[in-house]
Amino acid sequence: MTQTVLRIDASARLEGSTSRALADRTVARLAPDTVITRDLSGGIPQIDAAWIAANTTAPEARSPEQQALMALSDTLIDELKAADTVLIATPIYNFGVPAALKAWIDQIARAGVTFQYTAEGPKGLLAGKRAVVVVASGGTEVDSAIDFATPYLRHVLGFVGITEVTVVRSDLQMLDADASKARAEADLDALAA
């Protein structure tokens with residue numbers, strides 16, 4: 001049973017967004033006790049040299065300016081840690097994820113916080129969570145050779161320790177809207193099962 005969902009909306013569209021509508025339906029199917037919502041449509045700051053310097057400085061040694069630079073990242077990570085299910089609702093823009101979603105990923109993927117380096121390679125520190133990735137696209141088929149969004153999201157989630165990933169897709173909408181809706185319905189039914 002899902003208790004807390006972190007819902008991340010990456011579509012720039014606030015109205016008429018397929019990924020947002022499917023996320024609404026996914027939340028209804030999961031029926032969590034709590035939903036934490038993070039809407040990325042307003043943008044997320046991209047990391048820069050100052051952010052990287054702050055991130056690589058020990059927390060107790062950070063200047064007040066560096067602490068301020070890390071505050072959003074800390075909040076985003078706290079949201080992620082609080083959830084047992086992460087729901088990422090995203091369109092595919094030009095074969096990949098929207099820039100705001102990539103910026104969110106850059107903010108939450110922090111060595112020693114959400115993953116660590118070991119002699120065997122990187123190890124995710126957020127094990128025990130699951131993710132549902134809702135993907136909408138006009139002309140890109142999910143998991144096809146030109147889909148760089150879905151495999152990337154699976155990889156990044158696994159990198160931080162979230163290896164149970166379910167995809168709900170409404171792809172190829174511009175080619176066959178009815179078939180796209182049917183795929184989404186089938187995925188939602190499987191999610192509820």
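Computed from a prediction, not measured in an experiment: that's the story for all the values here.
Counting heavy atoms of neighbouring residues, nucleotides and ligands inside a 6.0 Å radius, atom CG of N94 does not exceed 12 of them.
For the pair D171 (side chain) and V142 (backbone), a donor-acceptor distance under 3.5 Å is present. Although no hydrogens or angles enter the test, the distance criterion places no donor-acceptor pair under 3.5 Å between the side chain of D84 and the main chain of K129. For the pair K123 (side chain) and T118 (backbone), a donor-acceptor distance under 3.5 Å is absent. In this structure a side-chain-to-backbone donor-acceptor pair under 3.5 Å is present from S144 to E141. Counting only distance, with no hydrogens or angles, the side chain of R169 and the backbone of A136 share no donor-acceptor pair below 3.5 Å. In this structure a side-chain-to-backbone donor-acceptor pair under 3.5 Å is missing from T85 to V5. Here the side chain of T56 pairs a donor or acceptor atom with the backbone of A53 at under 3.5 angstrom.
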Would you sort out whether S11 and Y93 count as a side-chain contact (heavy atoms from CB on, under 4.5 Å), showing the intermediate values? CA-CA 9 Å; S11 178; Y93 289 162; 3.8 Å; yes
Does L14 form a side-chain contact (heavy atoms from CB on, under 4.5 Å) with D9? I'd like the steps, not just the answer. CA-CA 9 Å; L14 299 177; D9 285 300; over 6 Å; no
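No side-chain heavy atom of V133 sits under 4.5 Å from any side-chain heavy atom of T166.
Linking ILVMFWY side-chain heavy atoms closer than 4.5 Å, directly or via other members, places V27 and L40 in two distinct hydrophobic clusters. Cluster membership for I105 and V165, using ILVMFWY side-chain heavy atoms within less than 4.5 angstrom, is shared. By the rule that hydrophobic residues join a cluster once side-chain heavy atoms approach within less than 4.5 Å of another member, I88 and L6 end up as members of one cluster. Both L76 and I8 belong to a single network of hydrophobic side chains, linked directly or stepwise wherever heavy atoms of I, L, V, M, F, W or Y lie under 4.5 Å apart.
Under the 30°/60° scheme for interplanar angles, the aromatic rings of F115 and Y117 are found to stand perpendicular.
The pair D187-R25 fails the salt-bridge criterion, with no side-chain N (NZ, NE, NH1 or NH2) lying under 4.0 Å from an Asp/Glu carboxylate O. Ion pairing of R7 with D24 is present here, as a side-chain N (NZ or NE/NH1/NH2) and a carboxylate O approach within less than 4.0 Å. Salt-bridge check for D74 with K81: failed, with every basic side-chain N at 4.0 Å or more from each acidic carboxylate O. Using a cutoff of 4.0 Å between basic side-chain nitrogens and carboxylate oxygens, R29 and D189 are scored as salt-bridged.
Side chains of W51 and Q46: a donor-acceptor N/O pair is absent below 3.5 angstrom, by distance only. A side-chain N or O of D147 and one of T150 form a donor-acceptor pair less than 3.5 Å apart. Using a 3.5 Å distance cut-off with no hydrogens or angles, the side chains of S170 and R183 do not pair a donor with an acceptor. Residues R62 and T57 bring no donor and acceptor atom of their side chains to less than 3.5 Å of each other.
Separation of atoms CG (L101) and CZ (R38) is listed at 13.0 Å; rounding is to 0.5 Å.
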